[in-house]
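Remarks on the structure that follows.
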Amino acid sequence: MESTRTGQSKSPTRWITLPGRAAGLRNPVLLGAVLLIVVSLALRALILGDSYFVEDDLTFVGNAYESGLTLDFVTRVHNGHFMPGALTLTWVLSRIAAYDWLLAAGVTFLAQALLSVLALRLLRSLFGTRPAILLPLTVLVFCPLTIPAFGWWAAAINAVPLQLAMVLALTAQVRFARGEGVRYGRLALMWCVAGMAFSTKGVFVGFLLFAITTAFLGDRGIGWLRSMAHELRRHRRLWGAHVAVMAVYAVIYLVRGKTAFGEGAAIPQPGLALDMVRTMLGRTFPSGAVGGPFTWGPVNATGGSAGPSDAMVVVSWLIVATLVGATVVYRRRASRAWMIVAGHLLIVDAVPTVIARGSSAFVSGAEPRYVTDAVVVLMVCLGFALLPAEGEKDAYRRSLPGRSPLALAAVLAAGAYLMASVISIEAYRATLSGDRVRAYFDTVKAELAAAPDDIVIYPTPVPGDIMGPWFDDRRFSHHALAPLARPILRVRMANPESTHDGRVFNKDGRLTRMSIFGFFQPAPQGRRCLPVTGGAVVFPDLVSRGGPITAGSLSYTAGRASSVTVEVGAERLVVGLRESAGDLVHFPVRAAGTGVRIVIDDPAAQVCLTGVALGAPIAEGERPPGLLPPSPGPDED
């Protein structure tokens, strides 16, 4: 709105009045908060620019194209995670555009931006619009612990919605605790349910609400345990509803647990579990919480794991101890805040991770994604450890130092944290390989677009730096790359047929001629053909692993078009041959078993088998690491 002021001056004075909420940006605290959020989002945009779909992302998208949006699909448990909301979101985005990183990254970015703004609203609701709230806000939006999960889609669809649900549930709970209406208690419960839909850890959000309510929002003068008892008596229906929701969630999780593939809840190995907890709580979280770890390693497909130096770990613990000690000395009830952080790390992060992952040597406590949610708790509890809540009296045990020393200390602490965090974030960005993966997928997409409808593509694994061997059949092209194909090719990729021109994807994503890695038997020395016994060529000791990743090939000559029947276990496959003085035909082998028999269907066709191969399809000229041959004699056809 523009206003004009007239008087004796010949030049009128003009000013702009900002409408509505925009006027709040004149507040230096809000202006500073907006600046922090914008800079943090710029850094995260760089992370997304260097990331791409890897590992579980391919599993999720592949599953989305093999299933409808059914109750059975969205309630599957994936590696210990029950996340119907995340699977629904992935299904929808994948069906809009398969492997569209701009779409997926855009959703992640918008969710993070919303999280940052809502976290600012929560801090203002708890502590008012004061400069000190910029400290906990800085921790949330810049903490390096939140970056790895943010850049990996499979982790982001758990972590970011869960953090959003935590912030929204806390905001509603604050209003309920202040007596603004029962509807806010119900709203907090609703946000807890939303968190459960995206992450199994959402089941613990209700406990966080109860801890924060009884420690800082209820009657603070009667002791924490008495406050808990009083809260349970006063609002027993609401907390009973929370318990009921958790129970229903647990029952569904246990019932659907059999749908989990691979990793899942299991009895942890004590040595692995102890090492995981020690690393998670002793190195990863403290170093990341103070702006580290500076160094990341080892590096895998999803980026680097936290690899702080011993010196960094020692410095981190000194900083944490100093902060905890100082706040406990000056701030009443600061110890409650730190107990909530410690309890969350142990009960919500460490114990469930050990149960779900403690039997696998491939999982390490150095992966920050397991403690990403704790950063929201750290933000809120850091605020309570430093600042009085709205309306709280007698918040400090003793007089604080003067305003100038406090302001100087806060500015120096925030500056050091920002500098350390930016260094750590940029160091993590250097471990990402999104350009390489993006180039591979772009090539695959172009190859499939140009492929004819009758092409025969055999399954081969995507490169190991995109999906590791522990993904088993899920890392093969008929599952992971099929969403990029048009429907007719998608079906043919899942069901390859016998062909004289088999194709596979090579390590660069190009469709090339296929070969077989595994058993190969040529004609005996001095003979032109493999010996025929009883009208068939027989290999009684040859072992077939079967499944979608086993194939065979025959080199042959034939006087006229004919066929052979390949018998493996109970499977019988008729393979067509064409008239040729020397040709090669490939065929799929689905059955597993010992013994292979190749029957000459038309002896008069003068069929001469000059070589037989059985094993894993590969691109010509490539020998895939980690693939074992199905029998002794690892030669290529």
In short, Val348 meets Pro352 closest at the heavy-atom pair O-CG, 3.2 Å
d(Thr372 OG1, Phe285 CZ) to nearest 0.5 Å is 10.5 Å
Heavy-atom closest pair (Glu497 atom, Pro588 atom, distance to 0.1 Å) is C-CD, 3.8 Å
ask   = Taking Thr512 for the side chain and Ala619 for the main chain, is one N or O donor matched with an acceptor at less than 3.5 Å?
value = no
Notebook entry, point to check: Is Phe207 atom CZ crowded by more than 12 heavy atoms from other residues, nucleotides or ligands, each under 6.0 Å away?
Noted result: no
Check your understanding: Is there a side-chain contact between Pro368 and Trp296, using heavy atoms and a 4.5 Å cut-off?
Key -> yes
Tell me, with the steps shown, if Ile457 and Val504 meet side-chain contact (heavy atoms from CB on, under 4.5 Å). CA-CA 5 Å; Ile457 303 174; Val504 295; 5.7 Å; no
Within the distance-only criterion (no hydrogens, no angle test), does the side chain of Tyr65 pair as donor or acceptor with the backbone N or O of Ser94 below 3.5 angstrom? yes
From the list Tyr52, Phe53, Phe505, ring pair (Phe, Tyr, Trp, His ring centres under 6.0 Å) with Phe441 holds only for Tyr52
The single option from Trp239, Trp191, Phe204, Phe176 that satisfies side chain to side chain contact (heavy atoms under 4.5 Å, CB included) with Leu209 is Trp239
query: Hey, does Pro144 have a side-chain heavy atom less than 4.5 Å from the side chain of Tyr428?
result: no
Phe471 backbone acceptor or donor facing Arg474 side chain under 3.5 Å: yes
In terms of the angle between their ring planes, are Tyr253 and Tyr249 parallel, tilted or perpendicular, with boundaries placed at 30° and 60°?
parallel
### Message
Would His479 and Asn63 count as a side-chain contact (heavy atoms from CB on, under 4.5 Å) here? Give the steps.
### Response
CA-CA 8 Å; His479 177 86; Asn63 289 344; 3.0 Å; yes
Contacts satisfying salt bridge (charged side-chain N to carboxylate O under 4.0 Å, His left out) that involve residues 451-470 (not counting sequence neighbours) are Arg436-Asp465, Asp453-Arg486
task = Taking the side chain as every heavy atom from C-beta outward, state whether Phe476 and Pro548 have any atom pair closer than 4.5 Å.
result = no
Applying side chain to side chain contact (heavy atoms under 4.5 Å, CB included) to Ala105 and not counting sequence neighbours gives Leu48, Trp101
Exercise. Applying side-chain contact (heavy atoms from CB on, under 4.5 Å), run through Leu217 and Leu126 and close with a yes or a no.
Key: CA-CA 9 Å; Leu217 304 179; Leu126 285 170; 4.1 Å; yes
Go through the steps to decide whether Val377 and Leu345 satisfy the test side-chain contact (heavy atoms from CB on, under 4.5 Å), and finish with yes or no.
CA-CA 9 Å; Val377 182; Leu345 284 168; over 6 Å; no
Q: Answer yes or no: is there a donor N or O on one side and an acceptor on the other, between the side chain of Asp100 and the main chain of Leu103, under 3.5 Å?
A: yes
Residue set satisfying side chain to side chain donor-acceptor pair (under 3.5 Å) with His235, at least two apart, ordered chain then number -> Glu231
Here the gap from Ser125 atom OG to Gln173 atom CD, rounded to the nearest 0.5 Å, amounts to 11.5 Å
So CG of Leu110 and CG of Leu115: to nearest 0.5 Å the spacing works out to 12.5 Å
Is there a donor-acceptor contact under 3.5 Å from the side chain of Arg175 to the main chain of Glu180? no
**Prompt:** If we ignore angles and hydrogens, is there a donor and acceptor under 3.5 Å between the side chains of Asp501 and Thr499?
**Reply:** no
Open item on the list: Counting C-beta onward and ignoring hydrogens, is there a side-chain heavy-atom pair between Leu123 and Pro136 closer than 4.5 Å?
Closed with: yes
Residues 425-434 vs salt bridge (charged side-chain N to carboxylate O under 4.0 Å, His left out), sequence neighbours excluded, gives Asp50-Arg429, Glu426-Arg429
So the side chain to side chain donor-acceptor pair (under 3.5 Å) pairs with at least one residue in residues 140-150 (sequence neighbours excluded) are Arg44-Thr146
Residues Arg590 and Ala494: closest non-hydrogen pair is NH2-O, 3.0 Å
query = Side-chain contact, heavy-atom cut-off 4.5 Å: Leu58 with Tyr99?
reply = yes
Note to self: Under a 3.5 Å threshold, yes or no: a donor from one side chain and an acceptor from the other, between Arg545 and Thr550?
What the structure shows: no
**Prompt:** Would you find a donor on one side and an acceptor on the other, under 3.5 Å apart, between the side chain of Ser199 and the backbone of Gly195?
**Reply:** no
Rounded to the nearest 0.5 Å, the CE atom of Met196 sits from the CZ atom of Phe82 at a distance of 11.0 Å
| task | Check for a donor-acceptor pair, side chain of Ser40 on one end and backbone N or O of Ile37 on the other, with a separation under 3.5 Å. | result | yes
For Ser51 and Ile47 the tightest heavy-atom approach is OG-O, 2.7 Å
Residues passing the side chain to side chain donor-acceptor pair (under 3.5 Å) test with Arg510, sequence neighbours excluded, are none
Report task. Verify, without hydrogens or angle tests, whether Asp57 (side chain) and Val54 (backbone) share a donor-acceptor contact under 3.5 angstrom. Result -> yes
Is there a side-chain contact between Ser421 and Leu418 in this structure, where contact means two heavy atoms from C-beta onward sitting under 4.5 Å apart?
no
- Query: Is there a donor-acceptor pair under 3.5 Å between the side chain of Ser424 and the backbone N or O of Gly291?
  - Reply: yes
Check your understanding: Salt-bridged, Lys445 to Asp442, with N to O below 4.0 Å?
Key -> no
Worksheet item: Do Arg121 and Leu168 have side-chain heavy atoms sitting under 4.5 Å apart?
Response: yes
Are Met514 and Ile618 close enough that some pair of their side-chain heavy atoms sits under 4.5 Å apart?
no
Nearest heavy-atom approach of Val139 to Val375 is O-CG1, 3.9 Å
Exercise for review: Please confirm whether His78 and Phe60 have ring centers closer than 6.0 angstrom.
Suggested key: yes
Is it true that Arg369 and Glu367 have a side-chain N and a carboxylate O under 4.0 angstrom from each other?
-> yes
For Arg124, I'd like to know if atom CZ has over 12 heavy atoms of other residues, nucleotides or ligands within 6.0 Å.
no
Can you find a side-chain donor-acceptor pair between Asp373 and His344 that sits under 3.5 Å? yes
>> Could you check whether any side-chain N or O of Arg475 sits under 3.5 Å from a backbone N or O of Val462, counting only pairs where one atom can act as donor and the other as acceptor?
In response: no
For Thr302 and Glu55, test the side chains for any donor-to-acceptor distance below 3.5 angstrom and give the result as yes or no.
-> no
dist Leu489:CG -> Leu448:CG (nearest 0.5 Å) comes out at 6.5 Å
For Ala98 and Pro483 the tightest heavy-atom approach is CB-O, 3.5 Å
Rounded to the nearest 0.5 Å, the SG atom of Cys143 sits from the CG atom of Leu378 at a distance of 7.0 Å
